[in-house]
Number of protein chains: 2
Amino acid sequence: MKNEKVLYREYLKSKNLKLTKPRCVILAAIFENHGHFNVDELYEQIREKHKNVSRATIYRTIPLLIESGMIRQSLRCESKDIYEHTYGNENHLHFICTNCGKIIETSFSKVADQIDKLAKNEGFEITEYSLAARGLCKKCKKKELKSEK
Amino acid sequence: MKNEKVLYREYLKSKNLKLTKPRCVILAAIFENHGHFNVDELYEQIREKHKNVSRATIYRTIPLLIESGMIRQSLRCESKDIYEHTYGNENHLHFICTNCGKIIETSFSKVADQIDKLAKNEGFEITEYSLAARGLCKKCKKKELKSEK
DNA sequence: AATTTTATTGAGAATGAATCTCAACTGCAT
DNA sequence: ATGCAGTTGAGATTCATTCTCAATAAAATT
């Protein structure tokens with residue numbers, strides 16, 4: 001967490017932006033979290049301790065955090081944007097169960113290698129992967145088999 | 001195009017739904033198109049010939065076409081959902097230029113193979129891939145290099 | 001430390017894509 | 001042709017996200 005704050009401060013300075021209280025609170029809340037979050041969840045989480053951070057500020061802060069490379073947009077779920085923090089810089093491939101909503105993360109270095117090759121062919125420079133596959137998770141697949149009979 | 005209509009009729013029948021004029025017009029418009037479309041574009045395209053098909057009907061028809069397997073949701077761009085028809089069943093990997101909006105499609109069978117392996121590990125059954133990478137296309141990359149000096 | 005400059009904030013209004021409502025309408029089976 | 005669903009267009013509604021603006025706070029300057 002210390003690390004993130006330092007990076008953030010530097011990023012903001014480089015853009016002539018200010019390290020304000022709300023921005024710190026939001027950063028901390030995100031890194032308290034593990035896994036994915038959307039704006040609503042984040043807002044509720046923050047509200048528990050800080051009654052005076054508005055949704056608008058969260059919405060305004062997210063692009064900064066993305067630009068600075070600390071979080072990334074990962075998916076869309078129930079017509080809400082979902083984000084995740086970037087620990088080192090590992091990207092994920094997401095398996096999203098269309099039945100129960102479960103999200104399974106897998107590392108994907110081999111997949112990325114293939115994609116990088118394809119990108120190179122096109123002269124395309126990738127800054128962000130967005131890889132997902134929808135379908136049924138193990139549990140829901142079993143349920144479906146049962147209910148068919 | 002004939003083919004699609006037959007498939008569509010069958011799908012609708014199987015669900016006790018009717019093959020109506022607006023549904024036909026929408027189907028035809030989609031298959032006139034090559035590549036991607038969003039609801040607005042489709043609406044404008046249809047409007048040129050048929051003044052009496054509403055946006056609402058397009059929005060209502062799209063889930064049917066997805067369910068029947070004739071189109072799929074492919075991306076999100078400028079906060080609009082984007083769709084594409086499924087010719088055979090080839091999926092694509094999309095490279096989306098964050099500067100000019102260009103979308104480059106590449107086939108991705110090798111990538112899919114890797115992903116299928118990962119899915120198998122998780123006992124996950126994939127019904128739909130959603131693979132994209134954002135970044136800069138060739139042209140925009142060049143421009144950026146120039147403007148930096 | 002006080003002042004000036006400039007970015008930032010919260011609150012609520014505005015936007016815009018997608019969904020819903022409902023009375024009028026249309027396929028389609030009989 | 002008749003009747004029963006399912007369907008439609010138009011506009012209202014929803015809901016995530018963005019914008020506006022006067023009040024405020026952080027950094028820069030003195």
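Heavy atoms only: backbone and side chains are in, while hydrogens, waters and symmetry mates are out. Here is the naming used below: chain letters follow the sequence lines, and residue numbers restart at 1 for every chain.
Using a 4.0 Å heavy-atom cutoff across all strands shown, A:N52 reaches sugar-phosphate atoms only and no base atom. Nucleic acid contact for B:N16: sugar-phosphate only, since backbone atoms but no base atoms lie under 4.0 Å from a heavy atom of the residue. Counting non-hydrogen atoms under 4.0 angstrom, B:D81 reaches the backbone sugars and phosphates but no base.
Projected onto DNA chain C by closest heavy-atom contact, B:K80 and A:S54 fall at different nucleotides, the more 5' of which corresponds to A:S54.
Between A:H85 and A:F31, the ring center distance clears the sub-6.0 Å criterion.
Taking the side chain of A:R76 as heavy atoms from C-beta on, and the options C:dG10, D:dT17, D:dG9, the nearest nucleotide is D:dT17. When the nucleotides D:dG9, C:dA7, D:dA10 are ranked by their closest atom to the side chain of B:R47, D:dA10 comes out on top.
A donor-acceptor pair shorter than 3.5 Å can be found between the side chains of B:E105 and B:H36.
The OG1 atom of A:T106 sits 13.5 Å away from the NZ atom of B:K117 when rounded to the nearest 0.5 Å. For the atom pair B:D81 CG and B:I62 CD1, the distance stands at 8.5 Å (nearest 0.5 Å).
The interatomic distance linking A:E78 (CD) with C:dA18 (P) rounds to 16 Å, in whole Å.
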- Could you run down nucleotides 19-27 of chain C 5' to 3' and tag each one B, S or - for protein heavy-atom contact under 4.0 Å? BBB-----B

Pairs under 3.5 angstrom only: tabulate donor-acceptor contacts from the side chains of residues 48-59 of chain B to other protein residues two or more places apart or in another chain.
{"from": "B:S54", "atom 1": "OG", "to": "B:A56", "atom 2": "N", "distance (Å)": "3.4"}
{"from": "B:S54", "atom 1": "OG", "to": "B:T57", "atom 2": "N", "distance (Å)": "3.2"}
{"from": "B:S54", "atom 1": "OG", "to": "B:T57", "atom 2": "OG1", "distance (Å)": "3.2"}
{"from": "B:R55", "atom 1": "NE", "to": "B:D40", "atom 2": "OD1", "distance (Å)": "3.4"}
{"from": "B:R55", "atom 1": "NH2", "to": "B:D40", "atom 2": "OD1", "distance (Å)": "3.3"}

